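Single-structure report; data block below.
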Amino acid sequence: MEGSLSGLGNAEIGLKYNFLDKAILVTGQLSVSLPLGSKDLESGLQTGYDATVVTPYISVGKGLGKSYIYGYIGHEFTSNDYNDNLRLGVEYGQKFFSKLWTIVAFNMKEPTSRTDKKLDNRIEETRLFVNNQYYNSLSLKLIYEINEKLGVNGSANLISVRANNLPFQSPLSLGVYLKW
């Protein structure tokens, strides 16, 4: 199968609240992901899950001068007969040369419920936004601060020690951010 598809993915909105902002930062978050994706059955491509996902999180972090440590735990409650999932992550970041952050992160997505939801065989074959996706992976992130308000970032998966129903190509992301 060949093809291409452009479109919106799942749009995520969230609210955060700091419970504790002392030597350690403790934050609660509620995120809602809305199914705004597109799909092309001929190519088996889709741009998001056909489900609404509600995820409450708790995160804990601590700054250590030119480094930090951060962790989170949450639970995805998913509609449309997709699995619910436990989400867990830990990362450590170190600042170099006054503008470059190098971050090593471990992320986990594990099912807490299993459903038999099956999509069209062409979509199942691409493994893009299908049910029963889970992983335990180690990744590298880089953030370069151009100035106080503008920066670029990138991340790449280094290794997945446990994975199921993921696309064959490891994820790579690049971005630009603006603070205001």
Side-chain angles (χ1 to χ4, degrees), residues 8-37 48-49 51-80 82-96 100-115 127-145 151-167 170-180:
L8 292 174
N10 296 78
E12 188 171 327
I13 57 174
L15 297 171
K16 277 189 172 185
Y17 181 78
N18 287 343
F19 294 111
L20 181 64
D21 192 358
K22 303 281 182 188
I24 294 177
L25 180 65
V26 179
T27 302
Q29 176 178 329
L30 180 65
S31 295
V32 178
S33 177
L34 303 172
L36 301 179
Y49 288 101
T52 299
V53 182
V54 176
T55 312
Y57 288 101
I58 293 288
S59 61
V60 177
K62 178 162 180 61
L64 306 165
K66 290 188 176 189
S67 65
Y68 73 92
I69 189 161
Y70 164 81
Y72 68 88
I73 188 167
H75 191 273
E76 293 178 336
F77 297 95
T78 309
S79 71
N80 203 9
Y82 282 89
N83 291 351
D84 291 342
N85 298 289
L86 173 69
R87 300 299 300 261
L88 177 77
V90 176
E91 64 182 50
Y92 173 78
Q94 178 73 44
K95 194 172 197 178
F96 295 98
L100 177 67
W101 284 95
T102 303
I103 303 156
V104 176
F106 172 79
N107 293 290
M108 180 179 90
K109 178 181 177 180
E110 286 288 332
T112 57
S113 69
R114 298 236 183 203
T115 66
R127 299 182 182 175
L128 295 172
F129 308 103
V130 297
N131 196 32
N132 293 317
Q133 285 186 323
Y134 53 86
Y135 54 83
N136 293 297
S137 67
L138 187 64
S139 61
L140 176 67
K141 302 176 187 180
L142 298 173
I143 301 171
Y144 185 77
E145 300 169 338
V152 294
N153 56 46
S155 67
N157 186 47
L158 299 174
I159 186 170
S160 291
V161 293
R162 175 172 146 72
N164 187 61
N165 268 348
L166 297 180
S170 292
L172 172 67
S173 66
L174 301 171
V176 175
Y177 67 87
L178 179 63
K179 295 179 191 178
W180 67 80

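Keep in mind that what you see is a predicted model, and the values were worked out from it rather than measured.
- The nearest pair of heavy atoms linking Asn80 to Ala51 is CB-CB, 4.1 Å.
- Minimum heavy-atom separation, Thr52 to Pro35: OG1-CD, 3.4 Å.
- Among residues at least two apart or in separate chains, side-chain hydrogen bond (donor to acceptor under 3.5 Å, both in side chains) pairs with a member in residues 17-26 are Asn18-Thr27.
- Rounding to the nearest 0.5 Å places OG of Ser59 at 4.0 Å from OH of Tyr70.
- Of the N and O atoms on the side chains of Tyr92 and Gln94, at least one donor lies less than 3.5 Å from an acceptor on the other residue.
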Under 3.5 Å, which donor-acceptor pairs link side chains of residues 137-145 to any protein atom two or more places apart or in another chain?
from: Lys141; atom 1: NZ; to: Glu91; atom 2: OE1; distance (Å): 2.8
from: Glu145; atom 1: OE1; to: Lys95; atom 2: NZ; distance (Å): 3.2
from: Glu145; atom 1: OE2; to: Trp101; atom 2: NE1; distance (Å): 3.2

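- Contact check for Val60 versus Leu20: no side-chain heavy atoms found under the 4.5 Å cut-off.
- Other residues, nucleotides and ligands contribute only 12 or fewer heavy atoms inside 6.0 Å of the CG atom of Leu15.
- Side-chain atoms of Asn131 and Thr115 include a donor-acceptor pair closer than 3.5 Å.
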side-chain contact (heavy atoms from CB on, under 4.5 Å), that's the test. Do Glu110 and Asn136 meet it? Break it down for me. CA-CA 8 Å; Glu110 286 288 332; Asn136 293 297; 3.1 Å; yes
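- Considering Lys109, Arg127, Gln133 in turn, Gln133 is the only one that fulfils the side-chain contact (heavy atoms from CB on, under 4.5 Å) rule with Leu166.
- Listed here is the closest heavy atom pair of Ile58 and Gly28: CD1-CA, 4.2 Å.
- Rounded to the nearest 0.5 Å, atoms OG (Ser79) and CG (Leu34) are 9.5 Å apart.
- Side-chain contact check for Tyr135 and Asn165: no donor-acceptor pair (N or O, by modelled atom type) lies under 3.5 Å.
- Smallest separation of non-hydrogen atoms from Arg87 and Glu76: NH1-OE2, 2.7 Å.
- Exactly one residue among Asn85, Thr55, Thr112 makes a side chain to side chain donor-acceptor pair (under 3.5 Å) with His75. That residue is Thr112.
- Considering only heavy atoms from C-beta on, Tyr49 stays 4.5 Å or farther from Leu128 through its side chain.
- The distance from the CD1 atom of Ile69 to the CD1 atom of Ile103 is 12.5 Å, given to the nearest 0.5 Å.
- Judged by distance alone, the side chains of Asn132 and Asn164 never bring a donor and an acceptor atom under 3.5 Å apart.
- The minimum heavy-atom distance between Tyr68 and Gly63, with the atom names listed, is CB-CA, 4.2 Å.
- Taking all atoms of both residues into account, the shortest heavy-atom contact from Ser33 to Asn10 is OG-CB, 3.2 Å.
- To the nearest 0.5 Å, atoms CG (Asp84) and OG1 (Thr78) are separated by 5.0 Å.
- Here the straight-line distance linking atom CE of Met108 with atom OH of Tyr134 works out to 12.5 Å at 0.5 Å rounding.
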